[in-house]
Amino acid sequence: MASGCEVLFANVHLATMIDGYGELRDAAIGVTGGRIAWIGPRDQAPPADAIIDGGGCWLTPGLVDCHTHIVHAGNRSDEFEARLNGATYEDIARAGGGIMSTVRATRAASDAELLRQSLPRVASLLAEGVTTIEIKSGYGLDLDTEAKMLRVARRIGERLPVGVATTFLGAHALPPEYAGRADDYIASLCDDMLPQLAANGLVDAVDAFCERIGFSNPQTERMFEAARLHGLPVKLHAEQLSDQRGAELVARFGGLSADHLEHLSQDGIDAMAAAGTVAVLLPGAYYFLRDTTPPPIAALRAAGVPMAVATDCNPGTSPMTSMLLAMNMACTLWRLTPQEALAGATIHAARALGRQADIGTLEVGKRADFALWDIARPADLSYAIGFNPCRAVVNGGVLRDPVVSLPD
Ligand code: DI6
Ligand code: FE
């Protein structure tokens with residue numbers, strides 16, 4: 001005989017996301033102490049102190065956006081417009097634009113201003129059933145601003161109902177102060193910035209941009225050695241524009257994820273499969289850059305590499321704050337199935353953050369983070385474009401409206 005629960009969400013259909021959708025129709029899910037305590041058919045549900053009628057909604061794990069640069073100041077719609085009026089990327093870069101314009105704006109913003117600008121973007125994600133996000137630094141490129149970005153990321157998790165995982169991306173671009181001295185910049189990241197940020201509890205993982213226009217494979221390896229010294233897991237912006245053998249590198253370090261992957265080789269796929277490294281797919285950047293080389297989805301699938309889907313929310317290449325749109329794009333642009341897209345936004349995204357024991361599926365013992373959807377079947381979540389069927393969200397067992405009010 002099952003013992004009672006504090007709260008029972010009854011009259012729901014479940015997509016547990018264990019073995020595909022893991023559908024359980026006419027079900028109920030019980031919560032005690034913010035954790036899932038019971039899952040089963042509604043007519044066998046245990047007694048509960050409170051019962052919430054799900055109104056026949058589908059209930060899924062809360063969505064996880066496992067790759068964002070959502071904390072940044074300003075935006076780059078001016079460059080977007082200039083490019084559509086004929087300016088080239090080089091024109092814009094020569095005029096001091098591109099990533100450095102976001103670095104300047106982010107350096108100039110106070111903590112409060114950076115938080116104020118970032119919160120509405122996070123609220124947009126939360127309205128669509130997101131309960132956990134990853135937030136990268138990387139628009140500071142100096143100790144003070146990288147620390148500010150990571151503090152603001154932590155603050156977002158305190159101010160809004162969302163779990164936040166922080167990632168140190170100091171190796172995102174070479175700051176002008178280090179022009180022509182990339183190795184010295186990497187040394188300052190490894191010997192100075194990372195130790196201080198990690199000591200202050202601001203870093204959950206370490207990332208780098210391994211690319212011709214970013215940092216080399218050996219420079220990335222030095223970052224990963226430093227991460228290992230601090231006991232921090234690694235992930236990587238890998239093979240977005242060219243094959244730098246970044247996926248093999250991050251797999252060799254037992255990395256959580258390799259992200260982007262448009263130019264990933266079979267060797268990279270094999271290394272990721274052997275290491276259990278998640279492939280994080282970012283269709284928003286592919287779309288916004290009008291890229292034409294898709295990541296090798298069929299080969300990743302054949303190798304059994306778990307595929308996550310994320311927004312990559314950033315002002316330069318993916319100004320997107322919708323997980324449902326990312327899922328739709330992964331299906332339409334790259335032929336993921338809707339089931340793969342939802343797994344990519346839940347179970348595999350949780351793994352890309354190293355949080356698979358805690359979130360990402362509906363299982364007894366995991367955090368009670370759910371989204372409730374007014375849909376006919378789970379495929380609706382990837383099918384619609386620009387329609388939000390989220391009716392309610394549950395964070396650690398606490399029911400909320402999808403639309404959150406922003407703190408002043
Ligand atoms: N890859 C990208 O596409 C973004 N960062 C990265 O490592 C670009 C970020 C920006 O342009 O602001
Ligand atoms: Fe990114």
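Only a predicted model underlies this, so the values are computations on that prediction, with no experimental measurement involved.
For the pair V305 and I269, the minimum side-chain heavy-atom distance is below 4.5 Å. A heavy-atom distance below 4.5 Å is found between the side chains of T166 and R154. Proximity of L282 to Y286: side-chain heavy atoms (C-beta onward) are nowhere separated by under 4.5 Å. Taking 4.5 Å as the limit, every side-chain heavy atom of V103 sits out of range of all side-chain heavy atoms of P175. Contact of the S382 side chain with the L336 side chain is not registered, since no non-hydrogen atoms from C-beta on lie closer than 4.5 Å. Using a 4.5 Å heavy-atom threshold, the side chains of L8 and I29 count as separate. Looking at heavy atoms from C-beta onward, H237 lies in side-chain contact with L169 at the 4.5 angstrom threshold. Under the 4.5 Å side-chain criterion, counting only non-hydrogen atoms from C-beta, Y383 is not in contact with N328.
Of the charged side-chain nitrogens involved, at least one lies within less than 4.0 Å of a carboxylate oxygen, so that R107 and E177 count as a salt-bridged pair. At a threshold of 4.0 Å, the pair K366-E363 counts as salt-bridged, since one of the basic side-chain nitrogens sits closer than that to a carboxylate oxygen. Ion pairing of D358 with R35 is present here, as a side-chain N (NZ or NE/NH1/NH2) and a carboxylate O approach within less than 4.0 Å. The residues D111 and R151 are annotated as salt-bridged, a charged nitrogen and a carboxylate oxygen being separated by less than 4.0 angstrom. Under 4.0 Å is where a charged nitrogen must lie from a carboxylate oxygen, and between D374 and R391 at least one such pair does. Using a 4.0 Å cut-off between charged nitrogen and carboxylate oxygen, R252 and E221 count as a salt-bridge pair. Under 4.0 Å is where a charged nitrogen must lie from a carboxylate oxygen, and between E23 and R377 no such pair does.
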Apply side chain to side chain contact (heavy atoms under 4.5 Å, CB included) to V203 and T167, showing your working. CA-CA 6 Å; V203 183; T167 299; over 6 Å; no
Would E248 and R245 count as a salt bridge (charged side-chain N to carboxylate O under 4.0 Å, His left out) if you check the C-alpha gap in whole Å, the side-chain angles of each, and the deciding distance to 0.1 Å? CA-CA 6 Å; E248 284 108 303; R245 308 248 150 211; 2.6 Å; yes
Pair I39-L14, side chain to side chain contact (heavy atoms under 4.5 Å, CB included): steps then yes or no: CA-CA 9 Å; I39 297 174; L14 303 180; 3.5 Å; yes
Apply side-chain hydrogen bond (donor to acceptor under 3.5 Å, both in side chains) to residues D65 and T68 and explain how you reach the verdict. CA-CA 7 Å; D65 190 350; T68 87; 5.7 Å; no
As a quick check of understanding, evaluate side chain to side chain contact (heavy atoms under 4.5 Å, CB included) for R351 and L256, giving each step before the final call. CA-CA 7 Å; R351 183 175 202 92; L256 294 173; over 6 Å; no
Any chance you could lay out the salt bridge (charged side-chain N to carboxylate O under 4.0 Å, His left out) test for E81 and R83, step after step, and finish with the verdict? CA-CA 5 Å; E81 185 157 42; R83 276 196 286 125; over 6 Å; no
Go through C5 and W38 one step at a time and tell me if the side chain to side chain contact (heavy atoms under 4.5 Å, CB included) criterion holds. CA-CA 8 Å; C5 303; W38 186 89; 4.1 Å; yes
For salt bridge (charged side-chain N to carboxylate O under 4.0 Å, His left out), just list the numbers for R301 and E340, CA-CA rounded to whole Å, side-chain angles, deciding distance to a tenth of an Å, and then say yes or no. CA-CA 10 Å; R301 189 185 280 134; E340 287 173 326; 2.7 Å; yes
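Note that OG1 of T60 and CG of L381 are 6.5 Å apart. Values are rounded to the nearest 0.5 Å. One distance of note links SG of C57 with CD1 of I375; it measures 8.5 Å at 0.5 Å rounding. Interatomic distance, CG of D312 versus NZ of K136, reported as 8.0 Å (0.5 Å rounding). Here S322 contributes atom OG and M327 contributes atom CE; the two are 9.0 Å apart, rounded to the nearest 0.5 Å. With values rounded to the nearest 0.5 angstrom, S124 atom OG is found 10.5 Å from M320 atom CE. Atom CD of Q219 and atom CG of D183 lie 4.5 Å apart (nearest 0.5 Å).
One side chain, T317 or N314, offers a donor N or O that lies under 3.5 Å from an acceptor on the other. N395 and D369 share no side-chain donor-acceptor pair at under 3.5 Å. Side-chain atoms of D267 and S265 form no donor-acceptor pair, as typed in the model, at a separation below 3.5 Å.
Side-chain N or O atoms of H72 include one that pairs as donor or acceptor with a backbone N or O of H69 at under 3.5 Å. Using modelled atom types, one side-chain atom of T32 and one backbone atom of E6 make a donor-acceptor pair closer than 3.5 Å. The main-chain N or O of Q339 is found under 3.5 Å from a side-chain atom of Y21 such that the two form a donor-acceptor pair. For the pair Y185 (side chain) and G170 (backbone), a donor-acceptor distance under 3.5 Å is present. In this structure, the side chain of D184 does not engage the main chain of R181 through any donor-acceptor pair within 3.5 Å. Judged purely by atom type and a 3.5 angstrom limit, D243 has no side-chain atom pairing as donor or acceptor with the backbone of E239. One N or O on the side chain of N217 and one on the backbone of Q244 form a donor-acceptor pair closer than 3.5 Å. The closest donor-acceptor contact from the side chain of H348 to the backbone of A308 lies at 3.5 Å or more, if one exists at all. The closest donor-acceptor contact from the side chain of E79 to the backbone of R76 lies at 3.5 Å or more, if one exists at all. In this structure a side-chain-to-backbone donor-acceptor pair under 3.5 Å is missing from S137 to L150.
Between H13 and W58, the ring planes are tilted. Angles from 30° to 60° get that label.
Within a 6.0 Å sphere centred on CZ of R400, heavy atoms belonging to other residues, nucleotides or ligands number more than 12.
Taking F9 as the reference, F370 meet the ring-ring contact (aromatic ring centres under 6.0 Å, His included) condition, with sequence neighbours excluded.
When all heavy atoms are compared, the tightest approach of L119 to P407 is CD1-CG, 3.9 Å. When all heavy atoms are compared, the tightest approach of G62 to T346 is O-CG2, 4.2 Å. Across all their heavy atoms, L189 and F168 have their closest contact at CD2-CZ, 3.8 Å. A105 and G74 get closest at one heavy-atom pair: CB-N, 4.5 Å. For the residue pair L115 and R159, the shortest heavy atom distance occurs at CD2-NH1, 3.9 Å. For A330 against V309, the heavy-atom pair with the smallest separation is CB-CG2, 4.1 Å.
Among V250, T277, V278, the one residue that satisfies the side chain to side chain contact (heavy atoms under 4.5 Å, CB included) test with M272 is T277.
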Donor-acceptor pairs under 3.5 Å, side chain of residues 190-202 to any protein atom, not counting sequence neighbours: which ones?
unit_1, atom_1, unit_2, atom_2, d
D192, OD1, Q196, NE2, 2.7
N200, ND2, Q196, O, 3.1

